[in-house]
Structures are given as structure tokens and as C-alpha cells.
Amino acid sequence: MAVSDSLSDDERKAAQMGAVPDFDFDTPLAAQLALDTRRSITLRDSTFARPVQTRVLTVANQKGGVGKTTTTVNIAAAMARAGLHVLVIDNDPQGNASTALGVEHQAGTPSIYDVLIGEATFADIVQASPFSENLLCAPATIDLSGAEIELVSIDSRETRLRLALRRYLVDRGHSGEARLDYVLIDCPPSLGLLTVNAFAAAGEVLIPIQCEYYALEGLSQLLRNIELIQGHLNPSLAVSTILLTMSDTRTNLAREVAQEVRNHFPEQTLRTVIPRSIRISEAPSYGQSVIEYDPTSSGALAYAEAAREIAVRGAESTNTEGASA
Ligand code: ATP
Ligand code: MG
């Protein structure tokens with residue numbers, strides 16, 4: 001028997017890790033290569049621990065284009081790939097998360113709109129992603145664009161998503177379907193009723209922050225709104241996770257912004273930073289997350305690492321309120 005055959009998987013990974021050269025920030029390409037190699041060793045064949053109860057995370061930032069949808073679908077896809085059962089709720093009329101997960105969402109498709117107005121249940125609208133049975137999506141269609149206005153005159157307009165999601169999680173348990181480990185809710189770039197519903201339904205908020213000059217602008221307004229939700233609708237809601245996105249690691253600005261965010265939110269900010277990557281931006285046009293589209297790319301490895309961090313933190317302390325089952 002060869003020596004390497006007698007090693008445990010962890011020992012083999014540690015030995016391989018030791019052989020990867022140290023970072024050299026003078027040559028960003030070499031540093032990226034070393035980082036990618038380490039990540040692929042750590043992540044190879046790894047399964048993520050299941051949380052004690054379903055964790056519901058709302059991915060929100062009222063700023064447009066900061067990576068909310070990209071983060072939602074790629075964290076979800078990485079978790080599903082690592083063996084977890086995940087539901088993505090596309091709560092944005094743009095329907096970008098539905099597109100990126102390759103699920104049907106043309107006008108007329110049963111969607112989250114029907115759930116919000118009480119004409120369907122989650123069980124009626126949820127579709128499995130074509131790439132993984134573990135990865136479900138409640139799609140959004142263009143119908144959702146009228147929901148902000150329609151909801152205003154409907155009873156319990158702020159908690160309709162929470163009630164429907166709770167019922168779905170309980171019903172899955174009764175019907176013997178696998179318990180969902182994570183529910184990720186993708187929000188539109190606004191703080192209207194759709195986002196309020198998402199905050200009311202969740203135990204945690206994940207805020208993606210783009211590594212750019214105005215990164216923290218608008219954040220205090222977002223946090224104030226979350227405090228209002230905590231005060232009135234969902235006392236246990238916690239901003240558990242902040243993810244730095246679209247970082248151009250070669251620039252000082254990206255590093256400075258990252259440091260500033262970490263100074264403000266030392267506990268919440270994930271160690272993993274998502275790099276700006278062409279592969280990440282190309283993937284949605286193929287109806288795929290980058291995890292499927294190019295699993296060995298820097299962007300896919302970074303999202304898989306971020307997903308692992310979220311899962312590990314969740315195993316340590318889990319806020320299971322909101323709509324958890
Ligand atoms: P909106 O506020 O409109 O919902 P968003 O916050 O959901 O936007 P995304 O749609 O995820 O943001 O990203 C905005 C654009 O940036 C998209 O074209 C996406 O493909 C691209 N993008 C996101 N993350 C990255 C990245 N790490 N590298 C390169 N491009 C990215
Ligand atoms: Mg989006």
C-alpha cells in the first residue's frame with residue numbers, strides 16, 4: 001500500500017496545502033493562483049454541516065447592482081452542491097435569480113406573486129433547478145412588478161411571505177420531504193413592501209457590499225430600516241453576514257473599502273471576498289450559476305468558500321427565528 005493511501009482525507013488535504021507556496025502580493029496573478037489552489041483543496045468533496053433548523057437569509061441592499069442576485073444564486077448553488085437542501089425565493093420583479101437558476105419564469109408561470117396575493121402556495125410554484133434536485137426556486141415573473149402597489153390594500157401585507165413560507169416548511173415536514181437547510185431570499189434594489197416581506201420572513205440578513213468608493217453610502221438607511229422591522233415585525237432579525245463583492249484585488253481602493261467595512265462590522269464580515277470575475281458575469285446568460293458554469297474558476301471557488309463560511313458559522317450559532325421550521 002502506498003504511503004498516501006494510508007492518510008486520512010484531512011491529512012492528505014493538509015499535506016497538499018503545505019505544498020502550496022505562500023502569497024506574494026507583488027504578483028497578483030501568483031497570489032490568486034495560490035488562493036484558488038488552496039480553496040480547491042479545502043473544498044474538494046466537502047459536504048457542509050446541516051444547520052440545526054432551517055436558516056432563512058434575506059439578501060438585501062437597496063443599492064442597485066451590488067451583487068445581491070449573484071450572491072443569492074451562487075451561495076445557494078454551492079450549498080446544494082455540498083449536499084444541502086436549498087430554496088431560493090426570487091422576490092424581485094426583474095426575475096434575475098430565476099434566470100440564473102435556469103427555471104421557467106415567463107409571464108403566466110405560477111410565481112411568488114401568486115403566493116403573495118394568496119392565490120397559490122409555495123408547493124404550487126416551486127421548481128427544481130435543472131442542475132440539482134437539492135436546489136429549489138420560487139420564481140418571479142413580471143407580474144411581481146405590480147405587487148408593491150397591490151399589497152398595500154391587502155390584509156397583513158408585511159407578513160404574507162412569512163406566513164406562506166412557514167406553512168410550506170411545516171407541510172414539507174408532514175409530507176416526508178427533505179427538510180430545507182437554507183432559504184435565501186433575493187430582494188429588489190428598494191426598501192418597499194417586497195423587501196419588508198423578506199425581512200419579516202427571515203432570521204438573518206446577508207448584505208452584499210460592493211468594493212467601490214461609495215460602498216457604505218446608504219448602509220445606515222438600510223440598517224435603520226432593519227431596526228424598524230426588528231421593532232415592529234420581527235424582533236429576532238439579525239444582520240448576520242456581510243459579503244464583500246466585485247473586488248478588484250489589484251487596487252488599493254478595494255483593499256481600503258474592505259478594511260473600512262471590516263472596521264464597522266468585524267463580526268459579520270466574511271473572510272472570503274468575491275473577486276470581480278468575467279466568468280461570474282457570463283454565467284447567467286447560460287441560465288447557470290458560476291458554480292455550474294465554471295466550477296474551478298476563481299469566482300466559483302470564492303462563492304463556494306463564502307458558502308462554506310456561512311455554513312460553518314451557522315453550525316456555531318444559528319438564529320432560527322423568522323419562518324424557520
Ligand atoms: P439589482 O439591484 O439590479 O437587483 P444586484 O444587486 O442583484 O442588482 P447583480 O445582478 O448580482 O446585482 O450584479 C450586477 C451585475 O454585476 C450583473 O451584471 C452581474 O453579472 C455582475 N456581477 C456581479 N458580481 C460580479 C463579480 N463578482 N464579477 C463580475 N461581475 C459581477
Ligand atoms: Mg438583483
Side-chain angles (χ1 to χ4, degrees), residues 28 32 35-36 39 57-78 88-103 105 111-112 137-142 144-145 147-148 184-192 194-195 197-198 205-212 214-219 221-222 225 241-251 253-255 257-258 261 270 272-307:
Q32 188 62 53
L35 183 63
D36 286 355
R39 282 189 172 145
L57 286 93
T58 281
V59 182
N61 190 333
Q62 81 276 24
K63 251 184 153 183
V66 297
K68 293 180 287 296
T69 303
T70 307
T71 295
T72 306
V73 299
N74 288 304
I75 297 283
V88 168
I89 299 177
D90 190 347
N91 195 36
D92 181 350
Q94 297 179 97
N96 294 340
S98 311
T99 304
L101 291 173
V103 302
H105 67 110
S111 71
I112 195 68
C137 177
T141 65
I142 192 69
L144 194 61
S145 53
E148 296 269 7
L184 298 175
I185 308 176
D186 185 32
C187 286
S190 69
L191 294 170
L194 287 173
T195 301
N197 265 273
V205 185
L206 187 172
I207 306 177
I209 295 183
Q210 191 180 342
C211 291
E212 51 145 33
Y214 293 112
L216 293 172
E217 199 184 64
L219 208 60
Q221 194 194 346
L222 176 61
N225 275 48
T241 312
I242 289 178
L243 178 62
L244 294 158
T245 64
M246 292 187 239
S247 171
D248 191 344
T249 40
R250 288 163 304 180
T251 66
L253 176 65
R255 264 180 254 154
V257 169
V261 172
L270 296 183
T272 310
V273 174
I274 307 301
R276 191 171 274 288
S277 135
I278 289 171
R279 307 303 266 170
I280 289 178
S281 59
E282 282 173 348
S285 59
Y286 296 88
Q288 294 181 354
S289 72
V290 76
I291 305 291
E292 281 103 21
Y293 176 63
D294 190 352
T296 59
S297 63
S298 300
L301 290 168
Y303 267 117
E305 179 76 31

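Values below: all heavy atoms of this structure, side chains included; hydrogens, waters and symmetry mates excluded. All residue numbers refer to positions in the sequence shown, counting from 1. Both counts, for ligands and for their atoms, begin at 1 and track the order of listing.
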Q) With a 4.5 Å limit on heavy-atom distance, are the side chains of E282 and Q288 in contact? A) no
(Q) Are S190 and E148 packed together at the side-chain level, in the sense that at least one heavy-atom pair is separated by less than 4.5 angstrom? (A) yes
Q) Has ligand 1 got any nitrogen or oxygen that is less than 3.5 angstrom from a nitrogen or oxygen of I280? A) no
(Q) Is there a polar contact between ligand 1 and D186, counting only N or O atoms under 3.5 Å apart? (A) no
**Q.** atom 9 (P) of ligand 1: nearest protein contact (heavy atom, Å)
**A.** T70 OG1, 3.5 Å
Q) How far is atom 24 (N) of ligand 1 from its nearest protein heavy atom, and which residue and atom is that? A) M246 CG, 3.6 Å
Q | Heteroatom distance test (Y303, ligand 1): nitrogen or oxygen, under 3.5 angstrom | A | no
**Q.** Distance filter under 4.0 Å to I274 heavy atoms, resulting ligand 1 atoms
**A.** 27 (N)
Q.
Are any of the N/O atoms on N96, whether in the backbone or the side chain, positioned under 3.5 angstrom from an N/O atom of ligand 1?
A. no
Q. Would you say ligand 1 has an N or O under 3.5 Å from any N or O of K68?
A. yes
Q. Under the 4.0 Å line, does any protein heavy atom show up next to atom 1 (P) of ligand 1?
A. yes
(Q) Quick check: do C211 and T245 have side-chain heavy atoms less than 4.5 Å from each other? (A) no
Q) Short check: is a protein heavy atom less than 4.0 Å from atom 26 (C) of ligand 1? A) yes
Q: For atom 28 (N) of ligand 1, grab the closest protein heavy atom and report residue, atom and distance to one decimal in Å.
A: S277 N, 2.8 Å
(Q) Restricting to non-hydrogen atoms, name the atom on D92 and the atom on A140 that form the minimum distance, rounded to 0.1 Å. (A) O-CB, 3.3 Å
**Q.** Closest heavy-atom pair and its distance - L194, P93
**A.** CD1-CD, 3.9 Å
(Q) Measuring from atom CG of D248 to atom CZ of R255, what distance do you get when rounded to the nearest 0.5 angstrom? (A) 10.0 Å
Q: Could you tell me if any non-hydrogen atom of G299 lies under 4.0 Å from any atom of ligand 1?
A: no
Q) Nearest protein heavy atom to atom 12 (O) of ligand 1, by residue and atom, and its distance? A) G67 N, 3.0 Å
Q: Measure across T72 and L184 and return the closest heavy-atom pair with its distance rounded to 0.1 Å.
A: O-CD1, 3.5 Å
Q. What about G64: any of its N or O atoms under 3.5 Å from an N or O on ligand 1?
A. no
Q. Side chains of L222 and I207: does their closest heavy-atom pair fall under 4.5 Å?
A. yes
Q: Check whether any side-chain heavy atom of D90 sits under 4.5 Å from a side-chain heavy atom of I112, and report yes or no.
A: no
Q: Using distance alone, with no hydrogens and no angle criterion, decide if S289 and Y303 have a side-chain donor and acceptor under 3.5 Å apart.
A: no
Q: Run the numbers for me: atoms of ligand 1, each under 4.0 Å from some heavy atom of V66, listed by number.
A: 5 (P), 6 (O), 12 (O)
Q | Any side-chain heavy-atom pair of I142 and S145 under 4.5 Å | A | yes
Q. Looking at K63 and E212, does any basic side-chain N land under 4.0 Å from a carboxylate oxygen?
A. yes
**Q.** Per-atom contacts, ligand 1 versus G65 - under 4.0 Å to a heavy atom
**A.** 1 (P), 2 (O), 3 (O), 5 (P), 6 (O), 8 (O), 12 (O), 14 (C)
Q) For atom 15 (C) of ligand 1, is the nearest protein heavy atom under 4.0 Å away? A) no
Q) Does any donor atom in the side chain of H105 or S111 lie under 3.5 Å from an acceptor atom in the other side chain? A) no
Q. Backbone or side chain, does any N or O of Q94 fall under 3.5 Å from an N or O of ligand 1?
A. yes
Q. Which of the atoms in ligand 1, numbered in the order shown and given with their element, are less than 4.0 Å from a heavy-atom of D92?
A. 4 (O)
Q.
Quick check on contacts: which atoms of ligand 1 are under 4.0 angstrom from a heavy atom of P275?
A. 26 (C), 27 (N), 28 (N)
Q: Run the salt-bridge test on R279 and D294 with the 4.0 Å N-O cut-off and return the result as yes or no.
A: yes
Q. With T69, which of D186, T99, N96 fulfils side chain to side chain donor-acceptor pair (under 3.5 Å)?
A. D186
Q) Taking the Mg ion (ligand 2) as the centre, how many protein N/O/S atoms fall inside a distance shorter than 2.8 Å? A) 1
